[in-house]
Every structure is written in structure tokens, then in C-alpha cells.
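Beneath this line is the structure, given in C-alpha cells, with notes to follow.
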Amino acid sequence: MPSLFSSYRLGELTLPNRTVMAPMSRVRAAAGGLATPSMAAYYAQRATAGLIIAEGAQPSLVGQSNPGTPGLHTDEQTDSWRQVTDAVHVNGGRVFAQIMHGGRVAHHETTGLQPVGPSAVPGEGNVFTPSGPQPMPVPRALETDEVPEHALSYAHAARRAVDAGFDGVELHGANGYLISQFLSSNANLRDDRYGGSIAHRIRFAVEAATATVEAVGAARTGIRLSPGGGFWGVVEDDAAELNTALLTELARLDLAYVHLEATTDEDTLLLLRKTWPGTLIVNPVMPLGSRQTGPAEADHWLGLGADLIAFGRGFLANPDLVERLRAGLPVTSADESTFYQGGDAGYLTYPTYRYPAA
């Protein structure tokens, strides 16, 4: 079984260890979706990760889910990310951008636009807005001839990400956002080539991934999925069959990796491991709760065939997580009250481990 601390070849990158910093929204971007010096410092602090996957960046204004999220669809946004990628690289790290189109998980108070989705079916729960949490509105169902431009938006953002210095991109196909909505059996009620059968519901994800590969190359393109996850009311009644079909199609593209959240039963995840021939990242602990992924969960999934292990809250609260895990040092728990409050508290203020004085 590989060690969490052994090196791994990912596309053109050599990762010094098999830990991945999972993408986590921190809503610290400046007005206009710009990355900030604090964001650069935050990611640079965590550059010992084998790979950092940065927080979701919207590929268009209508794709923005929450206030305070960064974008990758304007020149100013692209320029602002260079301080982040430079800081990570100077510290010896590697970083992918996550491209996240919110689809129906959005609000006109945030963007000034009506959200869009595969069908006119609102998500469940409240979404953040400038005036506080609000129920998600009914999205406008995309016309058939509009769908390809939203698939292409991932590729356009990927070009900007690479131009900004990112080593690659991850398409956010998980957690109830736009790709996940198209995959869904209840958010997607379409009867055209993008809805109905499994072959049609996976089409949007495959088109987005294909366009991104054509834009930046397969070695720079990954995708994150949450099989059967149920986020924001999204349902996958046929999670095993659906995701097996999707991974079979994506395998033709030779993507850098697939990133699976452990949002379904282990047997289904093992089936997907067998289906996917390439690099597999597993995020073992979902949903958000009291537990953080630790060595036991990492070793469990490495033993079952995962190549890399994603840590979320562990990296959020421990900028030196790799060293803590390697040396068996205590791991700090994340303070959930600071996740989305803005500012540097609970962002840049988690310390590295202090060894007792001799």
C-alpha cells in the first residue's frame, strides 16, 4: 500500500506527498471577484500539500453562487490570481483552480441576474446573498441552444486559470452545482439531448470536460463528483449506474484525475474505482460534521485503491497539516464560525505547531 507521504506523478507534476488540500469556499474575495493578498498568504501557508485545489471560482457572472467568491471571467480577475499562484509556487507548492458554476444555487441579489439551470426547479434551502440568507429562486431553464455556451464557460475559465499561473483546473461537478444539476434525476427534467436518459444527463459534464481538455490539455484537467450526495436537494436515484456511465465516457479524455467525495456507500465508490482507470482522489469524510479526515481514513482509502487523499477542514485549521500527520502531532479543529465571516481571523491566524521548549 502506498504511504500518504510517498511521492506521486500527476500529469506533468511530481507531488512530494499524496495529500490534497480540498477546495473550500472562504468568501474572502474583493469586490468584482478579485483575489486578494490575504488569499495569496492563505494558500502559500499550505504549500506543503501535495496539491492545493483552490476555492471554486465562477466562470461567468451568472455562474456566481455566493457573495465574496472569486471569478475567472474578466481580465482583472485573471490578473488578481497571479499573486496567489506566484506565492504558492515560491513556497514550493502546486495549485489547481476549481471552476464552479452555481447554476440554480444563486440569487439575483448577488449577481443582478436570474439564476439558470437545466430546468425551472428551485434548489432546496437558503443561499447567501448580500442581505443575508434567502430561499433559492426558481431558475430560468436553459434553452437547448444555450447549454453549450455554459459548458464552454468552464474551458474559457480554464484558459484564464492557466494564464494566471495555475498548474491545472478542477471542474466542480459535485455538491449540487450546475454540472451536478444536469446529472440529477430531479433537478434535470429536460426532454432534449441533455435530459431524460443517463446518456443524455451526463452529456453536459462530458461536453464541459471535453472543451476544457481542448483548451488546456488533459493533464491539466480534473473533475470533482459527489455520487448520490443530495446537496441543495439534488437527487441521483441511480447513482451507481449514472456515475459509472459518466466515468466511462470521461476515461476517453484521459483526465488528470477524478476527485470523489465519499457521499455514497463504499461498494459504489469501489465500483467507481474499478471503472476509472486513472488517478483517483478520494475525499473520505462527508458531510460537514465533527470529524476531520485523519490518518486512519487516509490509509483506509489508499488501501482500497485511491491514489491521493483530500483533506478539507484539516488543511483549513492546520497550515502545516502534512508535517503534523507525518510526525503524529496534534491536529487543530476548525472553527466553523469563521468559515464565511470574512477577514483574516480564522483564515490566516491558525498557527503552525509549536514544539515545547526543551
Side-chain angles (χ1 to χ4, degrees), residues 23-25 27 29 33 53-74 77-78 81 96-108 110-123 127-129 136-161 166 168-184 187-188 190 194-195 201-213 215-216 221-226 229 231-234 246 250 259 261:
M24 293 171 283
S25 293
V27 295
I53 306 171
E55 63 208 272
Q58 56 265 13
S60 62
L61 181 58
V62 76
Q64 183 175 0
S65 181
N66 297 310
T69 56
L72 270 168
H73 58 91
T74 71
Q77 291 165 352
T78 305
W81 277 111
F96 272 38
Q98 188 189 65
I99 303 172
M100 172 182 151
H101 191 311
R104 71 180 188 176
V105 185
H107 200 279
H108 61 270
T110 299
T111 64
L113 302 169
Q114 182 183 7
V116 298
S119 301
V121 179
V127 67
F128 291 110
T129 77
M136 280 176 271
V138 176
R140 180 178 68 81
L142 291 166
E143 299 292 339
T144 302
D145 61 1
E146 290 181 286
V147 175
E149 72 183 68
H150 288 269
L152 282 170
S153 73
Y154 292 87
H156 297 325
R159 286 194 189 95
R160 288 186 174 278
F166 283 100
V169 299
E170 175 181 279
L171 308 190
H172 198 347
N175 297 14
Y177 298 110
L178 186 61
I179 291 175
S180 178
Q181 292 158 32
F182 271 95
L183 296 173
S184 169
N188 182 351
R190 304 176 72 92
Y194 292 101
R201 282 188 280 129
I202 68 174
R203 187 186 304 274
F204 181 78
V206 173
E207 288 186 357
T210 301
T212 303
V213 166
V216 300
T221 304
I223 190 169
R224 192 181 207 211
L225 303 170
S226 53
F231 297 92
W232 303 112
V234 159
L246 175 58
L250 293 177
H259 183 178
E261 297 176 10

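- In this structure, CG in Leu171 is found 4.5 Å from OG1 in Thr212, a value given to the nearest 0.5 Å.
- Closest non-hydrogen pair, Glu170 versus Phe96, comes out as N-CD2, 4.3 Å.
- Partners of Thr129 under the side-chain contact (heavy atoms from CB on, under 4.5 Å) rule, at least two apart in sequence or in another chain, are His107, Glu109, Thr110, Val127, Ser131, Gln134.
- Looking only at distances, a side-chain donor or acceptor of Arg104 sits under 3.5 Å from a matching main-chain atom of Val121.
- In this structure, Val206 and Leu246 have side chains that are in contact, with non-hydrogen atoms separated by less than 4.5 Å.
- Between Val62 and His101, some side-chain heavy-atom pair lies under the 4.5 Å cut-off.
- Looking at residues two or more places apart in sequence or on another chain, you find a side chain to side chain donor-acceptor pair (under 3.5 Å) between Arg160 and Asp75, Thr78.
- When all heavy atoms of Ala174 and Ser180 are compared, the closest pair comes out as O-CB, 3.9 Å.
- With sequence neighbours excluded, no residue forms a side chain to side chain donor-acceptor pair (under 3.5 Å) with Ser65.
- Every residue two or more places apart in sequence or in another chain that forms a ring-ring contact (aromatic ring centres under 6.0 Å, His included) with Phe128 is listed here: Tyr340.
- Applying the salt bridge (Lys or Arg N to Asp or Glu O under 4.0 Å) criterion to Arg203, with sequence neighbours excluded, gives no partner residue.
- Looking only at distances, no side-chain donor or acceptor of Trp232 sits under 3.5 Å from a matching main-chain atom of Pro122.
- Partners of Ala106 by side-chain contact (heavy atoms from CB on, under 4.5 Å), not counting sequence neighbours, listed by chain and number: Pro115.
- Partners of His172 according to the ring-ring contact (aromatic ring centres under 6.0 Å, His included) rule, which considers only residues two or more places apart in sequence or in another chain, are Tyr177.
- The structure places CD1 of Ile179 at 11.0 Å from OG of Ser226, a figure rounded to the nearest 0.5 Å.
- The heavy-atom pair separating Gln98 from Ile53 by the smallest distance is CB-CG2, 4.1 Å.
- Between the OG1 atom of Thr210 and the CG atom of Leu250 there is a distance of 7.5 Å, given to the nearest 0.5 Å.
- Looking at every heavy atom in both residues, Pro59 comes nearest to Ile99 through CB-CG2, 3.8 Å.
- Within the 3.5 Å criterion, the main-chain N or O of Thr69 finds a donor-acceptor partner in the side chain of Gln58.
- Between Phe231 and Glu261 there is a side-chain heavy-atom pair separated by less than 4.5 Å.
- Scored by the ring-ring contact (aromatic ring centres under 6.0 Å, His included) test, Tyr154 finds no partners at all (sequence neighbours excluded).
- Partners of Thr144 under the side-chain contact (heavy atoms from CB on, under 4.5 Å) rule, at least two apart in sequence or in another chain, are Arg190, Asp192, Arg193, Tyr194.
- Residues forming a salt bridge (Lys or Arg N to Asp or Glu O under 4.0 Å) with Glu146 (at least two apart in sequence, or on another chain): Arg140.
- The distance from atom OG of Ser60 to atom CD of Glu149, rounded to the nearest 0.5 Å, is 9.0 Å.
- Side-chain atoms of His156 and His73, non-hydrogen and from C-beta on, never get closer than 4.5 Å to each other.
- Using a 4.5 Å heavy-atom cutoff, the side chains of Pro118 and Leu178 are in contact.
- The closest side-chain heavy-atom distance from Phe204 to Asn188 is not below 4.5 Å.
- Residues forming a side-chain contact (heavy atoms from CB on, under 4.5 Å) with Ala97 (at least two apart in sequence, or on another chain): Leu72, Ala161, Phe166, Val169.
- Summarising the geometry of Glu55 relative to Pro70, their closest heavy-atom pair is OE1-CD, 3.7 Å, with the distance given to 0.1 Å.
- Across every non-hydrogen atom of Ala187 and Ser119, the tightest pair is O-CB, 3.4 Å.
- Remark: Gln181 engages no residue in a side chain to side chain donor-acceptor pair (under 3.5 Å) (not counting sequence neighbours).
- Residues Leu183 and Ile202 have side chains in contact (heavy-atom distance under 4.5 Å, counting atoms from C-beta outward).
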